[in-house]
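To start, the structure itself, in structure tokens.
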Amino acid sequence: IFVENTLINTYIRCGSIADAAQVFENMNERNVFSWTLILAGYERYGKPEEALRLFWQMEQQKVTADDVMFVTIIKACTRAASLEQGKEIHGYIVKCGLPSNTFVFNALVDMYAKCGSMLDAMHVFERIDEKTVISWNSIISGCVQMGQHTQALSLYQQMKCSGSEPDEVTLVCVLKSCGSLQIVEEGILLHVYILRFGYETNRYIGSTLVDFYSKSGRLDIASRVFSAMHEPD
RNA sequence: UCGUCUGGUA
């Protein structure tokens, strides 16, 4: 079973979901690893409905899901952009009463945000005891995607007060909000922060900075950042 | 270490 799981994993990494499914179908015995692998494969391949169908099939076969399985199936709901199915899965997870895992909570926050329900996302987020940088990034990114830029900046301030260090992902999100709201001073502070931590070589950061300065009417700085991005080392 | 969470610009 270990060998077959590894084979499934290999096929999925090669993008051959059909071969992976073939191996999965022919297995005599499947464990939670096998199911998670194939579900993650369908999720990545853009077939979230198939992942959800298999999940309920697994449930009927009395295979016990674990936290990793939950994160995977939540991602399928996210990709399906289905708030309804997401809530159904969330309810199921609560019913299972597994010890709570930050990865699961973070995936739920991201799912609710991408399904358009910032209220549900905030509700889950507030319940996370040990918020990691990814917890903060997930909720802030959700606000930005929903155009709630003021809220994004407010959460960013809370994040700094809570003792979490913003990373490159955080900075990209918050810079976008500054660009949209035309808050130039805050954006420049972010730029200073970026330079202090040496994040300016990150290509997401670079392109977001260029965008920010362009929107702020500082084309001179934008082009300087742009040129710096293309300098060798 | 057989499987999981967040960021591309208009």
Side-chain angles (χ1 to χ4, degrees), chain A residues 1-13 20 23-24 27 29-44 51 54-55 58 63-79 86 89 93 98 100-114 121 124-125 128 130-145 147 152 155-156 159 164-180 187 190 194 199 202-216 219 222-223 225-226 229:
Chain A
I1 184 163
F2 176 97
V3 174
E4 289 165 307
N5 285 346
T6 304
L7 192 53
I8 292 177
N9 197 9
T10 304
Y11 279 132
I12 289 171
R13 287 179 124 83
V23 175
F24 181 81
M27 289 173 83
E29 207 87 40
R30 305 180 182 102
N31 61 14
V32 68
F33 287 82
S34 330
W35 286 95
T36 306
L37 278 162
I38 200 74
L39 291 202
Y42 280 120
E43 188 273 324
R44 257 171 252 162
L54 278 171
F55 177 79
M58 180 189 86
V63 177
T64 308
D66 65 4
D67 48 350
V68 178
M69 174 87 260
F70 288 146
V71 171
T72 306
I73 199 65
I74 293 165
K75 282 193 74 181
C77 299
T78 309
R79 186 180 281 274
I89 293 289
I93 292 171
L98 230 75
S100 30
N101 171 329
T102 309
F103 276 34
V104 174
F105 285 129
N106 292 346
L108 282 170
V109 169
D110 181 55
M111 183 275 291
Y112 279 126
K114 293 213 169 97
V124 175
F125 176 76
I128 305 178
E130 299 288 325
K131 294 183 180 66
T132 63
V133 175
I134 295 188
S135 314
W136 287 102
N137 289 348
S138 301
I139 193 73
I140 291 173
S141 159
C143 291
V144 175
Q145 283 165 34
L155 282 161
Y156 173 68
M159 176 185 186
S164 282
E165 279 294 342
D167 69 1
E168 295 102 314
V169 177
T170 323
L171 293 163
V172 166
C173 295
V174 180
L175 259 176
K176 282 189 205 174
S177 291
C178 289
S180 296
L190 292 168
I194 286 163
Y199 291 155
N202 179 306
R203 66 192 198 289
Y204 293 95
I205 293 275
S207 55
T208 310
L209 272 173
V210 170
D211 183 56
F212 165 75
Y213 282 117
S214 305
K215 278 180 177 150
S216 307
L219 292 179
S223 68
V225 173
F226 183 82
M229 284 167 65

Rounded distance (Å) that lies between atom [atom2] of [N] and atom [atom1] of [X]:
{"X": "A/K176", "N": "B/G7", "atom1": "NZ", "atom2": "P", "answer": "9 Å"}
{"X": "A/I8", "N": "B/C2", "atom1": "CD1", "atom2": "C1'", "answer": "10 Å"}
{"X": "A/F70", "N": "B/U4", "atom1": "CZ", "atom2": "P", "answer": "17 Å"}
{"X": "A/K75", "N": "B/C5", "atom1": "NZ", "atom2": "P", "answer": "4 Å"}
{"X": "A/W136", "N": "B/G7", "atom1": "CH2", "atom2": "P", "answer": "18 Å"}
{"X": "A/N5", "N": "B/G3", "atom1": "CG", "atom2": "P", "answer": "10 Å"}
{"X": "A/Y204", "N": "B/U6", "atom1": "OH", "atom2": "C1'", "answer": "11 Å"}
{"X": "A/N137", "N": "B/G8", "atom1": "CG", "atom2": "C1'", "answer": "15 Å"}

Member of A/D110, A/T102, A/N106 meeting the side chain to side chain donor-acceptor pair (under 3.5 Å) criterion with A/S135: A/N106
Quick one: label [X] by what it contacts on the DNA or RNA (base, sugar-phosphate, nothing), any heavy atom closer than 4.0 Å.
{"X": "A/I134", "answer": "base"}
{"X": "A/T36", "answer": "base"}
{"X": "A/N101", "answer": "nothing"}
{"X": "A/S207", "answer": "base"}
{"X": "A/V32", "answer": "base"}

A/K114 side-chain N/O to B/G7 phosphate OP1/OP2 under 4.0 Å: yes
Any A/R44 side-chain nitrogen or oxygen under 4.0 Å from OP1 or OP2 of B/U4: yes
Polar side-chain contact A/N202-B/G7 base: donor and acceptor under 3.5 Å: yes
Side-chain donor/acceptor of A/D167 to base of B/G7, under 3.5 Å: no
Distance (rounded to the nearest 0.5 Å) between A/F24 CZ and A/I38 CD1: 6.0 Å
Check: A/F125 ring centre within less than 6.0 Å of A/W136 ring centre: yes
Proximity to the side chain of A/V71 - top-ranked nucleotide from B/G3, B/G7, B/C5: B/C5
Proximal nucleotide (of B/U4, B/G7, B/C2) relative to the A/V172 side chain: B/G7
Expected output: side-chain A/K114 to main-chain A/M111 donor-acceptor under 3.5 Å: no
Within 45° cone and under 6.0 Å: A/K176 NZ/CZ vs A/F212 ring: no
